[in-house]
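Here the structure is laid out as structure tokens; the discussion comes afterwards.
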Amino acid sequence: MIRIAWSNLRSASGRLSAAMIAIAVSVAFIVAALLFSQAFGDTLRNQVQAEWAGADVAITADVTDDPAAADEASPLTESMRQTAAEVDGVQSAQLTQSAFVAVEAGTTSVTGSATNLPQGQVDTVDGSVPDSDDELMLREADAKTLGVGVGDTITLDEFDGPGHSAADGPSYTVSGIMPGSSSAGMNLYLTDDGLATAPGELVPDSIRVVADDGSDRAGLAEAVESALADAGADVSVRTVDQVVEEQIESLSKTSDMLSTIGIAFGLLAAGVAALVISNTFNVLVASRTRVLALFRAIGASRRQVRGAAVVESLSLGIVGSVLGVGLGLLIGWGLSTVVRAFWMPEFAQMSPSVPAFVVGPVVGILVTLAAGLIPAIRASRVSPIEALRPVDVPAAAPRIRWVRLSLSLVLGIGGIALCLLGTTSQSVLFGIVGCFALFVALLVGAKVFVPPLVALFAAAVGLITRRSPAVKLAGRSASTAGGRTASTTGALLIGITLVTAVVVGSSSLQRTLELATAEDTPVDLVVSTAGQDGADDAKIASVLDDSPIVEERENVPAPTASVSVDGTDGSGDVAITSAEAAADSPVLRSEGYDVDEGTILLDPTSVGLDEEDSDVDGQSATVRLGDENLDLTIETSYDVPAGTALVSGADAKTLEGAGDSAAGDSADEQTWAKIADDASSSQIEALASELDAVGASADATAAQYRADFASIFQVALSVVLGLLAAAVVIAVIGVSNTLTLSVIERRREGALLRALGFTRAAMSRMITIESLLMTLIALIVGAGVGTFFGWVGTASMMPASANPVLSVPWTQIGLIVVAAVLAAVLASAIPARSMSRIAPAKGMSME
């Protein structure tokens, strides 16, 4: 058995190389994913440990699931800190607090937390710790994000939504930069006096206790807990080691998710590799029919032949897995290097882990054994009499596989039914199960529908090419060897279907969310000059007209009126306008700002109402403009432009006729603009800054939300397509491998064609056309099914109130088609060259 396997391996080493590469790629994917997630987890651990450096015991508020209790004030107080500081063995105790703030440095605007500089953390990579109330310190990664260094200025202000500018808040000088980065957002460290001047509401986070030298942490924690027991507060007293472990356990869910995603896509790549390996062994068994029959004739048993095939696949799996581990180490090291260079300088070095070196190879070996099992059984069934046949490979008899067809139809019908059920009931589970069942149905039925489709497409192409012999022979070869062609097309089908599903699903989900957002915020950008001294209308118009992201703009009357809510203290000056003024303009994305006559749509905070008094729906508001007083019914909305209220067209005309003070002045106008769908967040921020420079107030919240959505989807799309790349690469390797084996088993046919007058170019073209025919089928079926999967995913994820939209990004689909065609041509390059170099005399020999 071993001798037979060794003989088979030596004779087919070249033919097995592509299958070995396929399994190596899939194993490398799994190994790299596990190594990268391990490094990510180590990075989180280092960050958490750095945040608690210098402390020995932590006092934190108990976490509660009760929403009512969550709104209560934190139990951590100054008196509690003093109690902890008086415990024997405590060197110091510090009450740390934080406030959520908007941060601005130059042109960069982000959000972060202003907090105390923790006692004991004095390590800096540059500068020194702050010693005055107008200085702060931040970590190295956060300084890189803001683009600041020691001596630069950072402005803080209360955060009140995306796109908020912090220009009006207090400014602080960067005195020092700490190593590393924060595990949960950006932290800005100030002195206690400096924190008191920071904007926003300060919320107690913890009490950090530093122990005297020689004190036991566990014993000190018990002593502090005992001292605080009389206070009756819902607090937890633990050692810093315990807090660090709990936080790491909570944060490790992210790294576990990375591992799960990596393994899932690695298994997908391994599944595609299994098709390639199975196809390779099937063709090898067919081409070895006479050799295997001779082994049987000289005494080899079925068990020995079958065992030799299993040993062959096991050897292939071991070698491919070893190569995959090495390749995975290189990929993991490369990913870590890229992350440290471009994202997180303190990202942990990649460290070898047992799961990475066990899971990947085990998957690779098991997949290879499973893929080679059926060909091994087929090899053991070769009869000794087959050695007397005068041909290398028996011709495949075309027939309908009724069992396979029936199973495929049952699975397909059930899958489609579950998909439709998932879209109508908004059930992601039904959608996933239905898509999976339909996908399995396609793979099961591939041997039924792929060969006749190949023949049909070959006939169609033959008509276009005036019955080219190369096209006819390519179609006949591919359709005759139906199992080989179906397996290769199935591998391609997996990659193309998944890529199309991801692209279409992402585009559809993004478009659906955009339309849902546009229902509430139909205007992307609102520009106002009310209350702005020195505003220049000509410059504002020039900025908008010159901007590459502004598609349309429209000036609408927006006089400033006094609005008071009856029965409350709420009142304020707001701009009054109507969507009917822009009804004929394309700036409006929806009818979300249409208001019934006698109604005013406003944000309660614009008239001084706080959160407790904001429930004023249906109440009456008095609008005063000039000599006109108008009583309107309130409809609350937090999606109206800042400082603006909307009324009906009739009510707007009534207010405009109130007097000279209510009409005709350019200061009483707003400019509504439509922003391009592909505008980025940075472009929108730059436009808002330009408008601010010419004295205008710009509210681009709606456009910013859409740009943020688009950015998130693009990042997610890039990541998923990158993960799918391994499966696509393996599928292309499978095409090349199949065509190479096809050339080997058709050596005598190629020699005969050459003897009959076929040129080398015609022989090469025949193989390329065969590759393109399989790719064409995978493209048509995969793109169609992938588009359906994308729509099912979008519809099943949306709530019942939403209207899912199918959005097909034709440009990206076109790129998929072009990439698939190029891959088909490249995959056929070596097999086509081999076919064209067959010499007639040598190829027709029996040896």
Exercise for review: Kindly determine whether Val363 and Val27 satisfy side chain to side chain contact (heavy atoms under 4.5 Å, CB included), including the steps that lead there.
Suggested key: CA-CA 7 Å; Val363 170; Val27 170; 5.9 Å; no

Can you tell if the side chain of [X] reaches within under 4.5 Å of the side chain of [Y], non-hydrogen atoms only?
X	Y	result
Leu136	Val174	yes
Tyr189	Pro130	no
Thr521	Thr701	no
Trp333	Leu329	no
Asp152	Thr173	no
Arg238	Thr60	yes

Review point. To the nearest 0.5 Å, what is the distance between OG1 (Thr43) and CD (Gln38)?
Key: 10.0 Å

Check your understanding: For Tyr172 and Thr197, what are the C-alpha separation, side-chain angles and deciding distance, and is it a side chain to side chain contact (heavy atoms under 4.5 Å, CB included)?
Key -> CA-CA 10 Å; Tyr172 301 84; Thr197 66; 3.0 Å; yes

Exam field: side chain [X] to backbone [Y], donor-acceptor pair closer than 3.5 Å:
X	Y	answer
Ser175	Ser128	yes
Gln94	Leu117	yes
Asp699	Pro641	no
Thr517	Leu513	yes
Asp520	Asp639	no

Nearest heavy-atom neighbours spanning [X] and [Y]:
X	Y	result
Gln97	Leu195	O-CD2, 3.7 Å
Ile684	Ala700	CG2-CB, 3.7 Å
Ser681	Asp708	OG-OD1, 2.8 Å
Ala105	Ile154	CB-CG1, 4.3 Å
Ile177	Met137	N-CG, 4.0 Å
Ala84	Ile59	CB-CD1, 3.9 Å

Exercise for review: Check salt bridge (charged side-chain N to carboxylate O under 4.0 Å, His left out) between Glu245 and all other residues, then give those that pass, not counting sequence neighbours.
Suggested key: Arg45

Revision key, fill the gap. Residues at least two apart in sequence or cross-chain that pass salt bridge (charged side-chain N to carboxylate O under 4.0 Å, His left out) with Asp241, listed by chain then number, are Arg217

Answer yes if the side chains of [X] and [Y] hold a donor-acceptor pair under 3.5 Å, and no otherwise.
X	Y	result
Asp193	Thr191	no
Glu86	Gln82	no
Ser206	Thr96	yes

**Study point:** Step-by-step side chain to side chain contact (heavy atoms under 4.5 Å, CB included) determination, Asp142 to Leu146
**Key:** CA-CA 6 Å; Asp142 297 334; Leu146 293 173; 5.6 Å; no

Exercise for review: Let me see the working for Val607 and Ser571 under side chain to side chain contact (heavy atoms under 4.5 Å, CB included), right down to the final yes or no.
Suggested key: CA-CA 4 Å; Val607 290; Ser571 63; 5.6 Å; no

**Study point:** With Glu78 via side-chain hydrogen bond (donor to acceptor under 3.5 Å, both in side chains) - residues at least two apart
**Key:** Arg81

Review point. Between Thr115, Asn116, Asp205, Asn187, which is the residue that forms a side chain to side chain donor-acceptor pair (under 3.5 Å) with Ser98?
Key: Asp205

